[in-house]
Amino acid sequence: MQDSFFDEKFDDFRVEVIDRLARIETQHERMLERLELINGTLHEHDRALHDHEKKLARIRGAAGMLAALVATAVSVVFSRLRLWFAP
């Protein structure tokens, strides 16, 4: 009788352990799917950010060139005005 009681308890324990392992494996698979989704999303965002950085670099370069041209034009205008108003 004791053997059957312990065998029964051991079988219950084994069933519980197997059930918990199955749940853990399912959760693990779900987490891997989520991580793959997040990783894919991060790669897409990384590409988009890289494209935006390129566009911003081009805009900064163009703004720098425009500022240099404006500064040159102002310098020329001021030098002409000084020559014209000079006694």
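Fair warning: this is a prediction, and the values are worked out from it, not measured in the lab.
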Query raised in the report: How many angstroms lie between CD1 in Ile59 and CG in Leu66, if you round to the nearest 0.5 Å?
Result: 12.5 Å

Donor-acceptor list for residues 18-42 side chains, cut-off 3.5 Å, not counting sequence neighbours:
{"unit_1": "Asp19", "atom_1": "OD2", "unit_2": "Arg23", "atom_2": "NE", "d": "3.4"}
{"unit_1": "Asp19", "atom_1": "OD2", "unit_2": "Arg23", "atom_2": "NH2", "d": "3.0"}
{"unit_1": "Arg20", "atom_1": "NE", "unit_2": "Glu16", "atom_2": "OE2", "d": "3.4"}
{"unit_1": "Arg20", "atom_1": "NH2", "unit_2": "Glu16", "atom_2": "OE2", "d": "3.1"}
{"unit_1": "Thr26", "atom_1": "OG1", "unit_2": "Ala22", "atom_2": "O", "d": "2.9"}
{"unit_1": "Asn39", "atom_1": "OD1", "unit_2": "His43", "atom_2": "NE2", "d": "3.3"}
{"unit_1": "Thr41", "atom_1": "OG1", "unit_2": "Leu37", "atom_2": "O", "d": "2.8"}

Requested in this report: Determine which pairs satisfy salt bridge (Lys or Arg N to Asp or Glu O under 4.0 Å) with at least one residue from residues 39-62, sequence neighbours left out, and list them in order.
Outcome: none

Which donor-acceptor pairs under 3.5 Å do the side chains of residues 69-85 make with protein atoms, sequence neighbours left out?
{"unit_1": "Thr72", "atom_1": "OG1", "unit_2": "Ala68", "atom_2": "O", "d": "2.8"}
{"unit_1": "Ser79", "atom_1": "OG", "unit_2": "Ser75", "atom_2": "O", "d": "3.3"}
{"unit_1": "Ser79", "atom_1": "OG", "unit_2": "Val76", "atom_2": "O", "d": "2.8"}

